[in-house]
Every structure is written in C-alpha cells, then in structure tokens.
Amino acid sequence: MTRGRSGQPAKTPKASVDRAVVVDDNRKLGALLGPLDRFAVRLEQKLDVRVARRGNQLTVTGAAHDADAAVAALRALEARLDLTGELALADVDAAIRSALQGDGGAPSGVIRTPRRTIAARGRAQADYVDALLRDEMVFGLGPAGTGKTYLAVAAAASFLAAGQVERIILSRPAVEAGERLGFLPGDMKEKVDPYLRPLYDALHDCMPAKDVQRRIESGEIEIAPLAFMRGRTLAHSFIILDEAQNATPMQMRMFLTRFGEGSRMAVTGDPSQSDLPRGQLSGLDEAVRVLEGVDGVTMKRFGAEDVVRHPLVGRIVRAYERADAG
C-alpha cells in the first residue's frame with residue numbers, strides 16, 4: 001500500500017525519515033488502517049507522510065516531525081482500539097491533533113458504560129471526562145460537536161450502572177415553544193420528546209435499549225423539560241441540563257438549587273447559540289459569571305479546535321467566531 005495525498009503514489013519528501021510501527025495482530029492492523037485504508041489516507045493528508053504496509057509492519061515516511069507525529073497518532077489509535085474495540089475517522093483526527101500538540105496523542109479520560117467503553121478524543125475532552133468523574137458540579141461550555149452532552153450522559157450512565165447514584169435526570173429548556181407546550185398534539189411525553197431527542201440518542205448509545213426503557217418506566221431515568229424541575233430536591237442523582245444557554249437566569253438559579261445530597265450535576269451549553277428573545281440575558285452566561293471560582297464548581301471550556309464531528313463543523317465554528325469578532 002503506497003499512496004499520496006490524492007490517492008496517487010506519494011513523492012518522498014527531502015530529508016525524509018522512515019519510522020516503523022509493528023502490529024502483531026493482523027485484524028488490529030486492518031482496523032488501524034480503516035475501511036479501504038481510509039484512516040491511513042487521513043494520516044497522509046493531514047501530516048504529509050507516506051504510509052506503506054508490508055506484512056504486519058507499517059512504514060511511515062516523511063519529514064522527521066511529521067513522521068514522529070504519525071507514529072504517535074498510530075500508537076494512540078492502537079491503544080484506543082484495545083480499549084474500545086472500534087475506531088472512527090473522528091478518532092483519527094483527534095489522535096493527529098493530540099500528537100501535533102505533543103501530548104503523545106493518548107488522552108486519559110475513559111468512561112465505561114454498560115454498552116461500550118468511551119475514550120476521550122483529545123486533551124479538552126479528557127479533562128472534561130476527568131472532571132465529570134471527579135467533581136460534583138461541572139459546566140461544559142463550547143460549540144456544537146465537542147461532545148459536551150454525550151460525555152455527560154455517558155458519565156451518568158456509568159454512575160447509574162455502578163450504583164453510585166440512584167437515578168439519572170436529563171433536562172433541556174423547551175425554549176422553541178416558550179415552555180408552553182399545550183398547543184402541541186399528544187400527551188405530555190409526546191409534546192416534549194422532540195426537544196429531548198438528543199438526550200435519548202446519547203442514552204441509547206451508552207445503555208441497551210431494553211435497559212433504558214425499563215429504567216424510564218421505573219423512574220430511574222427521568223427525561224423532562226426544565227420547567228418541570230421547579231420545587232424539587234434531586235438527591236442521589238446524576239442531573240444534566242443540556243442547551244443551558246436557552247435557560248433564563250431565573251430558570252438557571254432554580255435548576256442549580258435543586259442539587260441534593262449524593263448528587264452530581266452537569267450543565268452543558270454554547271454561550272454563543274442562545275435562542276432566547278433578543279435582549280434576554282442567558283442564565284448560562286449569568287451562572288458562569290457568578291459561579292466562576294466557587295469551590296465545588298468546575299468550568300471546562302471547549303473551542304473550535306475541539307470539535308470532533310466532521311472537520312467542516314470546526315471550520316464553520318471558526319468562521320462564525322471571526323465574523324462575531326468583527
């Protein structure tokens with residue numbers, strides 16, 4: 001297998017070096033290369049190297065810095081594969097970014113859920129995962145596609161499965177309908193489900209579907225709009241507020257003060273994406289300002305460089321950031 005950045009044979013750069021990566025398991029080697037060698041091609045495109053396979057050995061050829069980064073990324077991907085049993089293109093991109101940043105390409109954050117083991121993609125996610133597993137109240141702040149909500153739900157599923165909490169409570173502001181859902185057809189569950197679907201999706205990715213349904217029916221998992229949290233004390237629970245930028249200051253204060261004994265709380269949102277009426281202060285903005293530095297509250301921030309969806313999402317986020325900066 002010898003290819004270049006456009007699928008054509010690559011020219012070996014001047015002052016190039018060869019770096020060898022030996023993988024004893026041929027099945028694992030195939031998984032590292034990806035379907036139709038897609039992952040290897042990504043390494044070549046991003047790092048300006050050539051990747052060649054011979055037997056159970058990969059030879060990476062390129063400038064020393066690029067070749068070393070490619071090897072670090074491959075080793076990180078091999079470790080991730082051992083841990084999770086699967087790889088995606090986003091994992092390759094994250095390993096490349098980490099390797100170029102010099103942190104070895106191997107983030108530490110790991111969440112074990114009933115359905116799969118989830119490993120952080122990059123340093124920002126690793127720090128966020130560590131905070132979710134360690135701290136009582138964590139704010140995850142940043143653009144779409146950084147894994148804020150998914151990792152919070154995964155941590156909640158892990159805590160519930162291990163018996164560290166008695167229930168999971170997932171909430172979102174139904175801001176598009178102004179929390180006035182009566183005009184929508186169906187019962188209350190059918191009215192609010194469209195707003196909460198991303199939380200259901202994340203939950204089903206972390207737990208078997210039958211287990212999710214059973215726990216919802218028993219009340220161990222509750223998914224409800226933010227307005228339904230008023231007047232409650234949520235003890236021994238893992239509580240998540242998603243899309244928190246759409247909460248008003250009053251709603252945010254109400255939600256944060258639901259925190260009870262033996263609980264964990266994650267608040268996720270993108271401060272730049274509020275759907276509140278023009279001129280309405282976001283409760284997330286106020287909470288970050290008021291609670292920054294408060295003992296027991298952890299703030300984790302993501303940027304465009306931490307987007308783990310399609311690379312185009314990161315470029316879109318950066319373009320909007322430049323436009324907002326004037």
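This structure is a prediction, so every number in the text was calculated from the model and none was measured.
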**OP:** Identify the two heavy atoms, one from Ala244 and one from Leu284, that lie closest to each other, and give their separation to 0.1 Å.
**Re:** O-CB, 3.6 Å
Original post:
Should Val290 and Val297 be counted in the same cluster of Ile, Leu, Val, Met, Phe, Trp and Tyr side chains packed under 4.5 Å apart?
Top reply: yes
Original post:
What pair of heavy atoms forms the shortest contact from Thr268 to Ala152, and how long is it?
Top reply: CG2-CB, 4.4 Å
**OP:** Could you tell me whether a side-chain N or O of Lys148 sits under 3.5 Å from a main-chain N or O of Gly142, the two making a donor and an acceptor?
**Re:** yes
Subject >> Check: Glu220/Ser218 side-chain N/O donor and acceptor closer than 3.5 Å >> reply: yes
**OP:** Please say whether more than 12 non-hydrogen atoms of neighbouring residues, nucleotides or ligands are located less than 6.0 Å from CZ in Arg214.
**Re:** yes
**OP:** Could you check if a side-chain atom of Phe39 sits within less than 4.5 angstrom of a side-chain atom of Leu32, using non-hydrogen atoms only?
**Re:** no
Original post:
Is there a donor-acceptor pair closer than 3.5 Å between any side-chain N or O of Gln245 and the backbone N or O of Asp270?
Top reply: yes
**OP:** Not counting sequence neighbours, list each pair that qualifies as a salt bridge (charged side-chain N to carboxylate O under 4.0 Å, His left out) and has a residue in residues 227-247.
**Re:** Arg172-Asp242, Arg172-Glu243, Glu222-Arg232
Original post:
Within the distance-only criterion (no hydrogens, no angle test), does the side chain of Arg112 pair as donor or acceptor with the backbone N or O of Pro114 below 3.5 angstrom?
Top reply: no
Original post:
For Asp275, does its backbone N or O pair with a side-chain atom of Asn246 as donor and acceptor, under 3.5 Å?
Top reply: yes
Original post:
Is any side-chain heavy atom of Val294 closer than 4.5 Å to a side-chain heavy atom of Met137?
Top reply: no
Original post:
Is there side-chain contact between Val165 and Arg167, with at least one heavy-atom pair below 4.5 Å?
Top reply: no
**OP:** Can you see which heavy atom on Ile118 is nearest to which on Cys206, and at what distance?
**Re:** CD1-SG, 4.0 Å
Original post:
Can Arg42 and Asp93 be said to form a salt bridge (Lys or Arg N to Asp or Glu O under 4.0 Å), step by step?
Top reply: CA-CA 8 Å; Arg42 188 65 142 222; Asp93 290 336; 2.8 Å; yes
Original post:
Are any non-hydrogen side-chain atoms of Val60 and Asp18 less than 4.5 angstrom apart?
Top reply: no
**OP:** Compare all side-chain heavy atoms of Ile216 with those of Tyr200 and state whether any distance is below 4.5 angstrom.
**Re:** yes
**OP:** Might you work through the side-chain contact (heavy atoms from CB on, under 4.5 Å) test for Thr149 and Leu199, ending with a clear yes or no?
**Re:** CA-CA 8 Å; Thr149 300; Leu199 299 178; 3.6 Å; yes
Subject >> Interatomic spacing from NZ in Lys300 to OG1 in Thr146 - rounded to 0.5 Å >> reply: 14.0 Å
**OP:** Look at the side chain of Ser98 and the backbone N and O of Ala95, then say whether any donor-acceptor pair between them is shorter than 3.5 Å.
**Re:** no
Subject >> Verdict with supporting geometry, Arg301 and Glu292, salt bridge (Lys or Arg N to Asp or Glu O under 4.0 Å) >> reply: CA-CA 12 Å; Arg301 292 177 170 83; Glu292 188 86 57; 2.6 Å; yes
**OP:** Give a yes or no on whether Val138 and Leu133 share a hydrophobic cluster (residues Ile, Leu, Val, Met, Phe, Trp, Tyr; joining criterion: side-chain heavy atoms under 4.5 Å apart).
**Re:** yes
Original post:
Judged by atom type as modelled, is there a donor-acceptor pair below 3.5 Å linking the side chain of Thr84 to the main-chain atoms of Leu81?
Top reply: no
Original post:
Is the backbone N or O of Ser237 less than 3.5 Å from a side-chain atom of Ser263, with the two atoms forming a donor-acceptor pair by type?
Top reply: yes
Original post:
Sub-3.5 Å donor-acceptor pair from the side chain of Asp306 to the main-chain atoms of Gly303, do we have one?
Top reply: yes
Original post:
Side-chain heavy atoms under 4.5 angstrom apart, residues restricted to Ile, Leu, Val, Met, Phe, Trp, Tyr: same cluster for Leu281 and Met252?
Top reply: no
**OP:** For Val153 and Ile168, run side-chain contact (heavy atoms from CB on, under 4.5 Å): C-alpha distance rounded to whole Å, both residues' side-chain angles, the deciding distance at 0.1 Å, then the answer.
**Re:** CA-CA 9 Å; Val153 173; Ile168 296 172; over 6 Å; no
Subject >> Distance-minimising heavy-atom pair for Ser282 and Leu276 >> reply: CA-CD1, 3.7 Å
Original post:
Under 4.5 Å between any side-chain heavy atoms of Thr61 and Arg19, yes or no?
Top reply: no
Original post:
Which pairs with one or both residues in residues 125-135 pass salt bridge (charged side-chain N to carboxylate O under 4.0 Å, His left out), sequence neighbours excluded?
Top reply: none
**OP:** Assess whether side-chain contact (heavy atoms from CB on, under 4.5 Å) is satisfied between Leu160 and Ile221, documenting all intermediate values.
**Re:** CA-CA 9 Å; Leu160 183 64; Ile221 296 175; 4.1 Å; yes
**OP:** Kindly say whether Thr248 contributes a backbone atom to a donor-acceptor pair with the side chain of Gln251 at under 3.5 angstrom?
**Re:** yes
Original post:
Salt bridge or not for Arg115 and Asp205, using N-O below 4.0 Å?
Top reply: no
Original post:
Just checking, Arg258 and Phe255: is the charged tip under 6.0 Å from the six-membered ring centre and within 45° of the axis?
Top reply: no
Subject >> Arg116/Glu86 salt bridge by N-O under 4.0 Å criterion >> reply: yes
Subject >> Salt-bridge contact Glu305-Arg97 (side-chain N to carboxylate O under 4.0 Å) >> reply: no
Subject >> Residue pair Phe302 / Gln125: nearest heavy atoms and the distance that separates them >> reply: CE2-N, 3.9 Å
Original post:
Under 4.5 Å between any side-chain heavy atoms of Arg264 and Leu132, yes or no?
Top reply: no
Original post:
Roughly how far, to the nearest 0.5 Å, is CG of Asp66 from CG of Leu43?
Top reply: 11.0 Å
**OP:** Go through the steps to decide whether His65 and Leu100 satisfy the test side-chain contact (heavy atoms from CB on, under 4.5 Å), and finish with yes or no.
**Re:** CA-CA 9 Å; His65 177 268; Leu100 288 173; 3.9 Å; yes
Subject >> Phe228 with Met250, same ILVMFWY side-chain cluster at under 4.5 Å >> reply: no
Subject >> Distance (rounded to the nearest 0.5 Å) between Ile96 CD1 and Leu74 CG >> reply: 8.5 Å
Original post:
In terms of side-chain geometry, is the basic nitrogen of Asp211 or Arg215 positioned less than 4.0 Å from the acidic oxygen of its partner?
Top reply: yes
Subject >> Separation of Leu29 CG from Asp24 CG (nearest 0.5 Å) >> reply: 10.0 Å
Original post:
Nearest 0.5 Å, what's the OH-OG1 distance between Tyr128 and Thr298?
Top reply: 11.0 Å
**OP:** Check whether Leu33 and Val22 end up in the same hydrophobic cluster, where Ile, Leu, Val, Met, Phe, Trp and Tyr are linked by side-chain heavy atoms less than 4.5 Å apart.
**Re:** no
**OP:** Answer yes or no: is there a donor N or O on one side and an acceptor on the other, between the side chain of Glu44 and the main chain of Val51, under 3.5 Å?
**Re:** yes
Original post:
Can you find a pair of side-chain heavy atoms, one from Arg53 and one from Asp37, that are under 4.5 Å apart?
Top reply: no
Original post:
If you look at every heavy atom in Leu83 and Ala119, which pair is closest and at what distance?
Top reply: CD2-CB, 3.8 Å
Original post:
Nearest 0.5 Å, what's the CG-OG distance between Leu226 and Ser171?
Top reply: 4.5 Å
